[in-house]
Amino acid sequence: MMTIENVTSLVRPNIVSLKPYSSARGEFLGDNKILLDANENPFEMWDMENINRYPDPLQMDVKQRIASIKGIKAEEIFIGNGSDEAVDLIMRCFCEPAIDRIAIFEPTYGMYSVCATVNNIGVEKFLLKDDFGIDADDFLSKVSNSVKVAFICNPNNPTGNIQRIDVIEKILSQFNGLVVVDEAYIDFCSDESVVKLINKYPNLIVIQTFSKAWGLAGARIGLAIANYQVISFLNKIKFPYNVGVPSLQLLRNALKNKSVPRKFIQQIVSEREKLKEKLMQLPFILKVYPSQTNFLLAKTKDAKRIHSYLLENNIVVRNRSHEPLCSNCIRITVGTPAENQILIETLKKLNL
Ligand SMILES: Cc1ncc(COP(=O)(O)O)c(C=O)c1O
């Protein structure tokens, strides 16, 4: 089991010694001030309060609100320009380019590999089992010393399943590196978040996003939640004003209206199950995998054909055939009831 000292010893030396950019707005927080420090335009020319000003670099008021909702401390939260920013910063914080590596469990969300490759960080790939579960023993026995961060997507994209908590905890307690649990789809799922485990496991970083259940994909807001020392390194290396004023304002409003996402989550989950039923009645759909997310993975007779047929009919789904364990699979995001109905009606007309 790692201690916080073990974890911080994994931070790249150049990041440890880095003197971060000191932003003008970070130096003075308070109200009623004359702000002549940040070379902003002093006039509010557009129809939005404070849009002429840089945002609070550490987004403290929003973090306090999120912290009270989640029962954690504001210092345990990093807010990023989408959760993709957190993925990228975690790699840049802990992985030495051309030396260190990350581990992923395939098939999974593609950005882990893309981000690693952009940063010249190697990717050690472990295959999920046939039921899309992680084989923790296989991982723990084979993972090399150069792997600093393991990414567990839970629920997993594109397979839609959840990993067993004892499997996640086994990896957290026995792997000598960081474990990122990406909970982008956690709000659609019956299992609880592992956020409650951040005090037990200092090597745990939980990623969440406002892009899915919260309906704010266009605002680009994601979270990393971990021990405050880990979070302080992410804050040290992020761009100073990484989340814009309009996005933060949208987030503040959303956090005041928590019942809204709750209502839509229920609707999406019930639509998902209806869509699954209807898909399974189509002769060319061989299997629809159980999903704890807002999408369905379906094994088909010919994914390429179905994908292009739907495109010709103005419906975009994803062909996941090139992913391991996903031959002839398409991934369908649950749409509105009307969209789902058009999808099914269109598919019914396909002779395959
Ligand atoms: C598993 C997973 N993590 C992260 C993301 C990215 O989310 P964000 O919009 O917060 O960058 C996605 C987006 O599809 C995802 O599927």
Side-chain angles (χ1 to χ4, degrees), residues 59 62-63 66 70 77-92 102-116 118-119 123 125-126 128 132 134 149-163 168 178-189 191 193-195 204-226 234 238-239 242-244 246-248 250-251 254-255 261 264-265 268 272 289 291-297 316-320 323-324 326 329-335:
Q59 309 105 354
V62 182
K63 280 184 186 167
I66 297 171
K70 293 188 186 291
I77 303 171
F78 162 84
I79 305 188
N81 185 250
S83 54
D84 285 341
E85 184 185 4
V87 168
D88 183 56
L89 290 188
I90 290 164
M91 292 188 198
R92 292 204 279 145
I102 61 155
I104 59 169
F105 299 92
E106 288 194 306
T108 196
Y109 180 46
M111 274 303 284
Y112 310 139
S113 286
V114 170
C115 238
V118 169
N119 288 303
V123 182
K125 296 173 177 173
F126 294 82
L128 291 175
F132 300 139
I134 290 175
V149 189
F151 284 85
I152 298 176
C153 188
N154 192 49
N156 190 38
N157 176 6
T159 56
N161 64 304
I162 38 179
Q163 299 300 335
I168 296 176
L178 276 291
V179 179
V180 174
V181 178
D182 182 344
E183 295 187 334
Y185 300 96
I186 195 72
D187 299 303
F188 300 104
C189 135
D191 273 19
S193 163
V194 292
V195 160
L204 169 62
I205 305 179
V206 184
I207 283 183
Q208 295 185 349
T209 181
F210 287 90
S211 298
K212 312 290 176 184
W214 286 81
L216 288 172
R220 311 303 304 126
I221 308 163
L223 305 177
I225 300 168
L234 300 184
K238 78 180 183 72
F239 285 146
N242 59 331
V243 184
S247 295
L248 289 172
L250 285 162
L251 180 57
L255 291 169
F264 282 96
I265 290 165
I268 289 169
R272 178 187 75 204
Y289 293 91
S291 170
Q292 300 262 11
T293 62
N294 66 337
F295 57 82
L296 290 165
L297 186 72
V316 197
V317 298
R318 296 211 81 182
N319 181 356
R320 299 283 81 190
E323 300 278 343
C326 291
C329 284
I330 52 170
R331 195 196 68 194
I332 304 169
T333 306
V334 179

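One-based numbering, in listed order, for ligands and for the atoms of each. When a residue number appears, it is its place in the shown sequence, counting from 1.
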Q. Would the number of heavy atoms belonging to other residues, nucleotides or ligands and lying under 6.0 Å from CZ of Phe126 be above 12?
A.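 Atom CZ in Phe126 is packed in, count exceeds 12.
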
Q: Give the contacting part of Asp182 toward ligand 1: side chain, backbone, both or neither, where contact means a heavy-atom distance below 4.0 Å.
A: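 Asp182 to ligand 1: side-chain contact only, backbone stays beyond 4.0 Å.
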
(Q) Please classify the Phe210 to ligand 1 contact at 4.0 Å (heavy-atom distances, strictly less than): side chain, backbone, both or neither. (A)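 The answer is neither; Phe210 stays 4.0 Å or more away.
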
**Q.** N/O separation below 3.5 Å, Ser83 to ligand 1
**A.** yes

Q. Do Tyr112 and ligand 1 have an N or O pair less than 3.5 Å apart?
A.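 No: no nitrogen or oxygen of Tyr112 is under 3.5 Å from one in ligand 1.
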
Q) If hydrogens are left out, which of Phe151, Phe295, Tyr185 has an atom nearest to atom 16 (O) of ligand 1, that is, the closest non-hydrogen atom? A) Tyr185

Q. How many angstroms lie between OG1 in Thr293 and CD1 in Ile186, if you round to the nearest 0.5 Å?
A.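 Rounded to the nearest 0.5 Å, the OG1-CD1 separation comes to 11.5 Å.
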
Close side-chain approach of [X] and [Y], heavy atoms under 4.5 Å:
| X | Y | answer |
| --- | --- | --- |
| Arg318 | Pro158 | no |
| Asp182 | Tyr112 | yes |
| Asp187 | Pro261 | no |
| Asn157 | Tyr185 | yes |

Q: Provide, to 0.1 Å, the distance between atom 13 (C) of ligand 1 and the closest protein heavy atom, together with that atom's residue and name.
A: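 So the nearest neighbour among protein heavy atoms is Lys212 NZ, 3.1 Å.
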
Q | Heavy atom of the protein closest to atom 11 (O) of ligand 1 (residue, atom name, distance) | A |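 The protein heavy atom lying closest is Arg220 NH2, 2.8 Å.
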
(Q) Looking at Pro107, is its backbone amide N or carbonyl O close enough to the side chain of Asn156 to form a donor-acceptor pair, meaning the two atoms are under 3.5 Å apart? (A)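 Pair found, side chain donor or acceptor close to backbone of Pro107.
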
Which of the atoms of ligand 1 are close to [X], meaning less than 4.0 Å from one of its heavy atoms?
| X | answer |
| --- | --- |
| Gly82 | 10 (O), 11 (O) |
| Cys153 | 1 (C) |
| Ser211 | 8 (P), 9 (O), 10 (O) |

Q: Go through the steps to decide whether Tyr109 and Phe151 satisfy the test ring-ring contact (aromatic ring centres under 6.0 Å, His included), and finish with yes or no.
A: CA-CA 10 Å; Tyr109 180 46; Phe151 284 85; 9.7 Å; no

Q: Report yes or no: does a heavy atom of Met111 sit under 4.0 Å from some atom of ligand 1?
A: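 No, that is not the case, since the closest heavy atom of the residue is not under 4.0 Å from the ligand.
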
Q | Glu85 near ligand 1 by a heavy-atom separation under 4.0 Å | A | no

